[in-house]
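In what follows, a single structure is set out as structure tokens and then discussed.
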Amino acid sequence: MKIAIMGAMREEIDPILSTVEKYTSTEYAGNIFYECTYGGHELVIAYSKIGKVFSAITASVMLEHFKAQTLLFSGVAGGISKELKIGDLVMASALCQHDVDITAFGHPAGFIPEGTLMVEADAQLRSLASEVAVDMGIDLYEGIIATGDQFVASSERKEWIEKTFNADALEMEGASVGCVCQNFGVPFFVLRAISDTADGGASDDFDDFLKTSAQVSAKFILEMVKRLGH
Ligand code: SAH
């Protein structure tokens, strides 16, 4: 099977590229895509750059141009749930866009007419992840991830997102990637390791923990790849 693995930042895919060792690079649509084989699968790997627009472009290219049949996102996120500590892993059950606001017309926050408030991650990939977590002896948290074009570093904003969407973690790419995959009918999975807790100290924590948390997520994703059916 051809599997897309994407991150938003270089730090999120570096641990994957250094594990697979041998790959080719192709420039396409303003980005670089790395291809290799791993665990009996063909992989296409890329980081999109930060945010919903760049991540939607990269995901679309991976599906349409590189013909990926499933997409796994690996990266870091700000934790909302008090159960989530820095370095913990959370997989998205569903994702929403916390910065979509056409509430002036009576629509709920995050809702786009003819769309859905939440986009659900693939159930089979989530159950595979739960098995991998048990075997690796890792606590894998499952919850709603809220996406928006904002680095959230405020308790107020974080609490609003928690209250409005019942979200457990937040980041800047998951829902846009999920939306692309849903529209193309391709199963997807979003995994994030916590880098900060999206409050006053978020930018300092992010700088301190980006690399280690990104590695935790990448290692788990590669374990999933090895177990995916062909
Ligand atoms: N330090 C970077 C910017 C990081 S933006 C620079 O200067 O270039 C944060 C990235 O990590 C995004 O890709 C997002 O998906 C994720 N993320 C981690 N913590 C976050 C938070 N508190 N709010 C929003 N996104 C967060």
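One-based numbering, in listed order, for ligands and for the atoms of each. Residues take their numbers from the sequence shown, with the count starting at 1. Predicted model, so just to flag it, every value in this text is computed and none were measured.
For atom 11 (O) of ligand 1, the closest non-hydrogen atom of the protein is F206 CE1, 3.2 Å. Protein heavy atom nearest atom 24 (C) of ligand 1, with residue, atom name and distance: Q150 O, 3.3 Å. The single protein non-hydrogen atom nearest to atom 23 (N) of ligand 1 is V152 N, 2.9 Å, given as residue, atom name and distance. Looking only at protein heavy atoms, the nearest one to atom 2 (C) of ligand 1 is M9 CE, 3.9 Å. For atom 17 (N) of ligand 1, the closest non-hydrogen atom on the protein side is V76 O, 4.0 Å.
In this structure, G75 does not count as a contact residue of ligand 1, since none of its heavy atoms falls inside 4.0 Å of the ligand. Not a single heavy atom of E12 lies less than 4.0 angstrom from ligand 1.
With a 4.0 Å cut-off on non-hydrogen atoms, I50 touches ligand 1 through its side chain and not its backbone. By the criterion of a heavy-atom distance under 4.0 Å, the side chain of D196, and not its backbone, is placed next to ligand 1. The proximity of A153 to ligand 1, defined as any non-hydrogen pair under 4.0 Å, does not occur for either the backbone or the side chain. In E11, neither the side chain nor the backbone holds a heavy atom less than 4.0 Å from any atom of ligand 1.
Taking a distance limit of 4.0 Å, we find that atom 6 (C) of ligand 1 is approached by no protein heavy atom. Note that atom 19 (N) of ligand 1 has protein non-hydrogen atoms nearby, at separations under 4.0 angstrom.
A parallel orientation is assigned to the rings of H65 and Y28, their planes being inclined by less than 30° (bins at 30° and 60°).
For a threshold of 3.5 Å applied to N or O pairs, the pair formed by F151 and ligand 1 contains no separation below that value.
Of the candidates R192, M172, E171, E173, E173 brings a heavy atom nearest to atom 13 (O) of ligand 1.
For the residue pair S25 and I32, the shortest heavy atom distance occurs at CB-CG2, 3.9 Å.
In summary, the atoms of ligand 1 found under 4.0 Å from a heavy atom of A8, numbered by their order in the structure, are 13 (O).
Other residues, nucleotides and ligands place no more than 12 heavy atoms under 6.0 Å from the NZ atom of K219.
Between K82 and E162 there is no salt bridge, since none of the side-chain N atoms of the basic residue sits less than 4.0 Å from a carboxylate O of the acidic one.
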>> For E42 and T37: C-alpha separation, side-chain torsions, deciding distance, then whether side chain to side chain donor-acceptor pair (under 3.5 Å) applies.
In response: CA-CA 4 Å; E42 286 176 76; T37 54; over 6 Å; no

